[in-house]
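One structure is given here, and the rest of the page talks about it.
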Amino acid sequence: MEPIMNQIWPRVFQRLHRTAVFPRRSHSGCAEPTAVPASTSSRHIRPTLLVSRLYQPASLRDMRQDTLLKGEMTCKSQRLMQKAGLIHPSNPGCYYYLPATVRSMEKLMRVIDQEMQGIGGQKLDMPSLCSAELWKNSGRWDLMGKELLRLKDRHGGDYCLAPTHEEAVTTLVAHQTTLSHRLMPLLLYQVITRKFRDEPKPRFGLLRGREFYMKDMYSFDVSEEAAYQTYESVCQAYTRLFARLGLRCVQVQADTGNIGGKLSHEFQLPTMSSDRTDCPQCNTGTLVESRGIEVGHTFYLGKKYSQIFNATFSNYQNKSEVAEMGCYGLGVTRILAAAIEVMSTEEEIRWPGLLAPYQVCVLPPKKGSKVDKAAVLAEELVHTLGETLPGLRGEVVLDDRTQMTIGKRLKDASKLGYPYVIVAGQGALEETPRFEVICQQTGETMFLSRDGLLDLLGRVETV
Ligand code: ATP
Ligand code: MG
């Protein structure tokens, strides 16, 4: 065993090293270390993220039109995300999430974790492969109809790929026969996982997939009153979450659908212009009707599932009682696409600042241009930012495609929506170097010294 491992490890390590570090290549094809400023050469230098080495837009942007049209192009976010190499269609309603999208999703998941844990949510992980028995008990095996993706195992047993987890989580809690009221409210949420729904018309890219990521939380309470309080605190956490992302979100009363229960709200990102009509309820006011994308959904369930699965707790008098429940979904992939849908122009992607795959893109001058010498300053700046501002570690890319003009690369950076684009041009060669900074969220352009830059970027919130 060991000799083989000894042979394999150095090779595996080399490969890992190569993919993670993005070193420059010499003409002979061997990897060279990235340039190291003299003053810091003895310390460990973080690798520079080079645009030319990212498996991302640069390679996919130029893909041929027919590949681009493989998926049905039905809305702005889908078109922009495919063109920018953020997603790639696989089969109807399913996508490859490319590296920049995964970075963004991981950030969104961290913000969601913070908000859910902020109200006492505890994370668990439940199987996606669920037995039919569970779903027959709740009646939803039949109720869900064709939307439920069903399969059989080799023994002929019926299963489904879970579209949601009310049945599974309630069964889990029901197994604990001694659940004490002291543990309640009990808020369990699932590690953000894929959900499966055989949507009749999967479309609009990540907005309506057959396989998509959802955050689902389930609450167990001692009384109806307590359950309403929990419901309210989850709604507040959702509102905080969208505010942190800088997304305008409205909470609207909603239908409880096949989940059942008595009270439900949708969280929607408004799109489109609004229509005004007379209010049919009060007749005196005006009703503003506007379209929105549903990004979250909350339900007060009462005892609908807890009764069926016998999810009980021991109350203050040590007597067994059926728990009050709620369930709360957030469409993780849909939030990402919906944010792009509402924030972007037809040509340029804009992200909620916190979720941009990379925060900063630094542009050195074109090779052979009059200000060629500023290239070193651009590289130094990338290192300084990473070393000085811990929040920006791994967030700064260097657009090393110096065979292209600054203008062309600026256009690309604009399309991809890095929140901050920094150009090292003529100003960088002045006695006190100054860099051009474009804040893409606001459209502002500034000329800042290195200290000014550090001050500005030190205030950027990352997650
Ligand atoms: P819709 O009405 O859009 O079909 P839903 O009401 O069936 O959605 P829920 O069961 O409330 O969806 O799921 C919780 C959240 O999961 C939704 O608010 C939405 O953000 C997301 N979601 C639901 N279906 C999809 C899908 N097919 N693709 C992507 N996200 C989805
Ligand atoms: Mg819904």
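Both ligands and their constituent atoms are indexed starting at 1 by order of listing. By convention here, the first residue in the shown sequence is residue 1.
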(request) Please work out whether the ring planes of F267 and F242 are parallel, tilted or perpendicular, with thresholds of 30° and 60°. (result) parallel

(request) Identify whether NZ of Lys or CZ of Arg in R103 sits under 6.0 Å from the centre of the six-membered ring of Y358 and within 45° of that ring's axis. (result) yes

Interfacing atoms of ligand 1 (cut-off 4.0 Å, heavy-atom, [X]):
{"X": "G296", "value": "18 (O)"}
{"X": "R197", "value": "5 (P), 7 (O), 9 (P), 10 (O), 12 (O), 13 (O), 23 (C), 24 (N)"}
{"X": "E199", "value": "24 (N), 26 (C), 27 (N)"}
{"X": "M214", "value": "13 (O), 14 (C), 16 (O)"}

So is [X] polar-close to ligand 1, meaning N/O to N/O under 3.5 Å?
{"X": "G209", "result": "yes"}
{"X": "R208", "result": "yes"}
{"X": "E147", "result": "no"}

Checking [Y] against [X]: is there a side-chain donor and acceptor pair closer than 3.5 Å?
{"X": "Q78", "Y": "Y95", "value": "yes"}
{"X": "K195", "Y": "T193", "value": "yes"}
{"X": "T445", "Y": "E436", "value": "no"}

(request) Report the part of E294 in contact with ligand 1, treating N, CA, C, O as backbone and CB onward as side chain, heavy atoms under 4.0 Å; options are side chain, backbone, both, neither. (result)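 Both backbone and side chain.
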
(message) Nearest 0.5 angstrom please: L330 CG to M109 CE, how far?
(response)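 Answer rounded to 0.5 Å: 11.5 Å.
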
(message) Please confirm whether V295 approaches ligand 1 to less than 4.0 Å, judged on its heavy atoms.
(response) yes

(message) Within the structure, is a non-hydrogen atom of L207 found at a distance of less than 4.0 Å from ligand 1?
(response)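 Distance cut 4.0 Å: L207 passes for ligand 1.
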
(message) Please give the atom name: the N, O or S atom of H297 nearest to the Mg ion (ligand 2).
(response)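 Checking each N, O and S atom of H297, the shortest distance to the Mg ion (ligand 2) belongs to ND1.
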
(request) Could you tell me whether the Mg ion (ligand 2) has an N, O or S atom of E294 under 2.8 Å away? (result)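 Yes.
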
(message) Please tell me whether Y218 and Y305 form a close aromatic pair, meaning their ring centres lie under 6.0 Å apart.
(response) no

(message) Please identify which of these residues, K83, R79, K415, meets the salt bridge (charged side-chain N to carboxylate O under 4.0 Å, His left out) condition with E346.
(response) R79

